[in-house]
Amino acid sequence: MSMMPAVTKLDPFTKVTGLKTQHPKDLIGLPGVAPSLTWRSKSSNRAAAQVGYEVEVSSNESFEYILAKTGQVESSRSLAITAPGTNLTSREIRFYRVRIATQFGWTAWSETLSYEAGLLSGLEFTGDAIGDASGSGSASPILRKEFAAKGAPSRARLYVSSQGANEISINGLKVGNEFLSPGWTTYQERLNVSTFDVTHLITAGNNAIGATLADGWWRGRLGFLGENNTYGERISVIAQLEIHYPDGSKQTIVTDKSWKSSTGSILHADIYDGSEIDLTKAQPGWNKAGFDDSSWQPVVVHELNKSTLIPRISSPIRKIAEFPMKLVEKSDRVVLIGEQNISGWVRLTVDGKKGQRVVVRHAELITPDQELHTKPLRTAKATDTYTLGHDGRHVFEPEFTFHGFHFADVVTDAEVISAVGVAISSDSSSRSTFSSSDTRLNRLHQNVLWSARDNFVGLPTDCPQRDERLGWTGDAQAFAGTANTLFDAESFWSSWLVDVALDQDENGDVGAVVPDILKMGPKVGDWEVQGRAGWADAASIVPLSVYEHFGDTGILKQQLSSMRRWTDALNNRRNGADFLPTEFQFSDWCDPDAPSDRPWEAKVSSDFVANAFFANTLDIMIKVESLVGTPEGEAKYTKLRDELKSNLWLQMGEHAKTTTAGLSMALEFGIVPESERQAAADSLAKMVDHDRGKITTGFLGTPLILHAMSKNGHAREAYIMLMRREIRSWLYQVDQNATTIWERWDAIKADGSFHSGGMDTASDLQEDASMISYNHYAYGAVIDWVYRNVAGLVPVLDKPAYEKVVIAPKPAEGFTFTEASIDTRFGNLSIHWALQESGDLAIKLTVPFGSTAELNLPTTSTSKVFVDGLMSENGAQLTHGEYVIVVTNPEVINYK
Ligand code: BGC
């Protein structure tokens, strides 16, 4: 490493262009632990590289008072550097800046980053959790309090959480732009606190603060067993408003017995069933100062374990997009045709008379005669009802609910004027783009993106529409890699993984759903499905994926004990035997050759699946122990892994070779010995070729199969599968006008009929057991393969976060161009490749500062490689910058 230059020498080429922490940049009220800092730079000089950095921390934006600094550190790292200084105290605001040294000198200081801590202990909430005495399914409580402010504040913060969903207003205006807060976490252990800057909402004189509550996930209907009151029978809000005045004085308003309660227009609000709003029951002005609340009731104080209150670290649920809906008038209703299957609701404009009712139902599908197909929703009513409060125009949006839908219909005597589909999601920013000359593949990419947005509503769910919407761990692990390619999902997973760990049982077993409500309700027993292969392994697979994509070992340290507990639980389950005991597994769930009503009966044996995923988890542990654990841990898991893999291949290898899922797992998890690897890959490719790419794998095999082929010389067969259009393929769904990814390949059959979803699990617990969703992201995991192989951006896992990337596009017949970009932690990485008339492959590549790209281009024996006009070769390493690369006579995969 070159020595650092003296600070007096300035680098004229380089600039720090961004500084961030591991938390979403628009959140305040964060944890007090000194954050992890990551910055990015740009340089017009390709030779420039970071050789050192200096971080300063200040209590004021102009950096007059330096609280801590790193001094000049000789290092090329710009990723996940622990900020200097002590932990923050509650409410403390700190400012950070960084400058870097290259061999040409020092840059200027970066822009300032501010970081504000929240209330670091729930015990700092001095008020009470308040609500009313009502039970589940009741009208939404509205709570209010007035207070006098002696002037305009210099700063005001509102800290709020609730048991049930909340919305707060000050002087009649909604605070923040969150919906369904505090979201859904393992509530017994942790409740998110949102912090809002409300300085602009407080006025001199009388002010009013109002809270509306709803059942939400706390006590609303939850899970497919139709249970209420999962977390408690009462809902409540706890809030603390802290107002600072320019004279240094402070005023604090808390939720306590001085508040009053009533009910208003929301007669009912349920996540699955929808909401009922009667505007004739509204109390106009209730959340403004001067309202006469003399007829209101005193509030009821409810129990709350304040130590469960924690600063929110992941983005809240927000509105993320809107789609106009087309109106089709029928004799008895108005049908609303959307553009996109979304999670959210309809914003409906109607004209009518006071007291008229409007009923809006939702569905993912519509029949040819434009009837909503609501059967897949099972018992979820997904219906919003409104009563007009006056004559004339109303713009309606439901409250405290969401629906997974593409279509809707409206029954009303009022006139429907217009409708807009409003999409909500946990607001993780998308970080990549993909487009190619194949418009169907582009649509597939969009469909996967939307299935991710629609299923990231507070936590990673299986589906957003039916009476389920649970944090199924199997779906999450299948999709995590793709999610991390598509989104800056680091904090989303960091938060959910805390719940994964908290929900582990005393043996270390991980739930099939997290938060694990299956072990909570009174009807459990049959549904105790902890520790299932490929589901529970989310505990190891997801943290590693987050690390590989975002480069911060913090997530591995956070999860280390959870990962060890799960791995040891697996080992204890074996009780000295070679293999895990035979027990119920979801296995290669929804293998399309399994009986459609018994999706757990995959072709591959569930014993092989269980032990293969165990071996994979051991591989992950070996890596994690080497990164953040101990050499003893690494040695222990290595021994277990080596024994297990060799036993597995010896005793179950022959069986694995008979199925595509078995071969995919054997190849991707390194179970097949090196000497047999190529033969195994060849035989997998042969099976796929024989079936002309028809999909023969389920939830666990499908994310692996294309990689298993293309990494072993069979990109051609991978393309056959990816580009197949007949039924049982990704593009079949696109041809059927899907806008999200389906749960089953034949969810719409070739004759246009809809899959019944029928399941063989009907019982007195769940009568109408069916399972068919048009918005399940698990099979969308294929998009990671597309970024790596069609676009050719392959992350190198030992240099995570794209510090190193291999450029390996695999152009295939029929594609004239592909472009993709990923906003990595180092900056924008992008590729655009095109097959020229001359037959040459022309590539424009952008490599961010701090990252290295290694060329692995599709050459043939006669190819030449030129980088910026100069003869180069495969294997060349490129530093940051923009490059024009030409490959003459490239290999083009002929898969048709
Ligand atoms: C969910 C799946 C889940 C599966 C496991 C289904 O009801 O929708 O996505 O992984 O159950 O059994």
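Note that the coordinates shown come from a computational prediction; the quantities given were computed from them, not determined experimentally. In this chain, residues are counted from 1 in sequence order. Note that ligands are numbered from 1 as they come in the structure, with each ligand's atoms numbered from 1 the same way.
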Point-to-point distance, once rounded to the nearest 0.5 Å, from OG1 of Thr740 to CG of Asn775: 4.0 Å
Minimum-distance protein heavy atom relative to atom 1 (C) of ligand 1: Asp462 OD2, 3.3 Å
Short side-chain donor-acceptor distance under 3.5 Å, Trp184 and Tyr231: yes
Protein residue, atom and distance nearest to atom 9 (O) of ligand 1, heavy-atom basis: Asp475 OD2, 2.5 Å
Trp472 N/O to ligand 1 N/O under 3.5 Å: no
Short side-chain donor-acceptor distance under 3.5 Å, Thr379 and Tyr272: no
For Phe586, atoms of ligand 1 separated by under 4.0 Å from a heavy atom: 5 (C), 12 (O)
Test: Arg453 cationic atom under 6.0 Å from Trp450 six-membered ring centre, within 45° of axis: yes
Per-atom contacts of ligand 1 with Phe699, taking only distances under 4.0 Å to non-hydrogen atoms: 9 (O)
Side chains of Thr567 and Thr617, donor plus acceptor under 3.5 Å: no
Atom pair CD (Glu490) and OH (Tyr547), whose distance is rounded to the nearest 0.5 Å: 12.0 Å
Option set Arg532, Glu743, Glu468, His776, criterion heavy-atom distance to atom 7 (O) of ligand 1, minimum: Glu468
Residues Asp516 and Gln530: side-chain donor-acceptor under 3.5 angstrom: yes
Residue-ligand contact Phe224/ligand 1, heavy atom below 4.0 Å: no
Ligand 1 contacted by Arg466 (non-hydrogen, < 4.0 Å): yes
Residue-ligand contact Trp600/ligand 1, heavy atom below 4.0 Å: no
